[in-house]
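Written out below as structure tokens is the structure these notes cover.
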Amino acid sequence: TEFKSINYWVDVVFTRTNGGTPPDITKQPVAAALCEGLTASFTSEAGGSPAPTVQWQSSLDGISWTNISGATSTTLSFVVNSADNNKIIRAVWTNAEGSVYSSPVVLTVTAPPELTSDLAVTVTSGTALNYIPTSSGAGTVFTWSRAIVSGISNVGTSGSGNITETLINTTSSPVDVIYVYTLALNGCTANENVVV
């Protein structure tokens with residue numbers, strides 16, 4: 001038996017960047033707790049050579065991450081809603097040397113309180129109105145205001161808590177009187193109208 005030796009030559013090309021350094025995060029984003037309807041802002045910064053680019057991501061479990069469309073600036077800003085509660089946010093910085101992730105931070109979104117008492121009330125002219133507001137959140141602080149209304153002799157007024165006053169209708173037709181309630185709870189506020 002005769003054996004033959006066969007040699008194979010393989011060209012291997014090694015590529016390296018000229019003095020490049022991987023991204024190095026110099027500013028981490030900070031967790032945020034906001035009321036629904038406000039604007040959240042997260043900022044991250046990084047150095048490296050060549051200069052890295054950023055892509056913001058979000059997650060619901062800290063395991064599966066999704067790129068946030070168009071979020072490629074150092075600051076990510078958006079108006080929050082209830083669906084954003086407990087979202088986890090991070091920035092991914094990338095250059096030719098690789099990618100690094102910022103610290104993940106949690107976004108907490110609190111829904112503002114809402115009136116659970118009737119928003120429409122009927123009262124007879126000259127009869128005392130006693131409106132007791134209730135809310136979706138315990139500890140809600142109520143304030144209200146009422147402007148001057150054509151056909152109602154009462155001057156404009158404001159107060160807190162219950163509404164207790166006697167309205168005088170100077171016309172022969174029903175007149176709508178709007179009380180603007182401001183509800184405050186856990187740093188969140190909301191305005192709702194009660195029509196009498």
Side-chain angles (χ1 to χ4, degrees), residues 8-119 133-144 160 180-194:
Y8 292 96
W9 297 93
V10 178
D11 291 329
V12 179
V13 178
F14 294 94
T15 302
R16 57 174 295 179
T17 58
N18 186 13
T21 57
D24 176 33
I25 294 178
T26 56
K27 183 174 181 137
Q28 298 282 3
V30 177
L34 298 168
C35 299
E36 188 174 2
L38 297 182
T39 300
S41 289
F42 300 94
T43 299
S44 180
E45 297 174 358
S49 179
T53 59
V54 65
Q55 172 64 63
W56 289 90
Q57 296 181 327
S58 67
S59 173
L60 297 176
D61 57 11
I63 299 171
S64 300
W65 293 87
T66 302
N67 288 344
I68 300 172
S69 178
T72 56
S73 299
T74 56
T75 297
L76 168 68
S77 296
F78 59 96
V79 176
V80 302
N81 58 49
S82 58
D84 296 315
N85 187 41
N86 291 325
K87 271 189 179 175
I88 306 168
I89 306 291
R90 74 179 181 186
V92 185
W93 288 94
T94 303
N95 69 6
E97 300 296 328
S99 297
V100 294
Y101 303 96
S102 73
S103 300
V105 295
V106 177
L107 171 60
T108 303
V109 179
T110 302
E114 296 179 348
L115 283 174
T116 53
S117 47
D118 288 339
L119 300 181
T134 58
S135 165
S136 58
T140 298
V141 176
F142 303 95
T143 56
W144 55 267
S160 60
V180 180
Y181 260 101
T182 299
L183 293 74
L185 179 66
N186 298 326
C188 298
T189 61
N191 291 327
E192 286 192 79
N193 292 340
V194 174

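Across T140 and P113, no two heavy atoms sit closer than the pair OG1-CB, 3.7 Å. Shortest non-hydrogen contact noted between S99 and V92 is CB-CG1, 4.2 Å. Closest non-hydrogen pair, L185 versus G137, comes out as CD2-CA, 3.6 Å. Nearest heavy-atom pair, S59 versus G62, reported as atom, atom and distance to 0.1 Å: OG-N, 2.7 Å. Nearest heavy-atom pair across T182 and N191 is OG1-OD1, 2.8 Å. In plain terms, the two heavy atoms of V54 and A91 that are nearest each other are CG2-CB, 3.8 Å.
Side-chain contact of T134 with T116: a donor-acceptor pair under 3.5 Å is present, judged by distance alone.
The OG atom of S102 sits 12.0 Å away from atom CD of E45, with the distance rounded to the nearest 0.5 Å. Atoms OG and OH, from S135 and Y181 in turn, are 11.5 Å apart once rounded to the nearest 0.5 Å. In this structure, CG on L76 lies 6.0 Å from CD1 on I89, to the nearest 0.5 angstrom. Atom OG1 of T108 is separated from atom CG of L34 by 8.5 Å, given to the nearest 0.5 angstrom.
The disulfide (SG to SG under 2.5 Å) contacts involving residues 42-104 comprise nothing, where partners must be two or more places apart or lie in separate chains.
Proximity of T72 to T53: side-chain heavy atoms (C-beta onward) are nowhere separated by under 4.5 Å. With contacts defined as side-chain heavy-atom distances shorter than 4.5 Å, the pair W144/P133 does not qualify.
Side-chain N or O atoms of Q55 include none that pairs as donor or acceptor with a backbone N or O of S69 at under 3.5 Å. For D84 (side chain) and K87 (main-chain N/O), no donor-acceptor pair under 3.5 Å exists by modelled atom type. Panel note: side chain N81, backbone A83; a donor-acceptor pair is recorded below 3.5 Å. One N or O on the side chain of N95 and one on the backbone of P50 form a donor-acceptor pair closer than 3.5 Å. Remark: side-chain polar atoms of E192 are paired, donor with acceptor, to backbone N or O of L115 under 3.5 angstrom. W56 places a side-chain N or O within donor-acceptor distance of the main-chain N or O of S73, the cut-off being under 3.5 Å.
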Quiz: residues 35-44 side-chain donor-acceptor pairs under 3.5 angstrom, not counting sequence neighbours:
unit_1 : atom_1 : unit_2 : atom_2 : d
E36    : OE2    : S82    : N      : 3.4
S41    : OG     : S77    : OG     : 2.9
T43    : OG1    : T75    : OG1    : 3.0
S44    : OG     : K27    : O      : 3.1
S44    : OG     : W93    : NE1    : 3.0

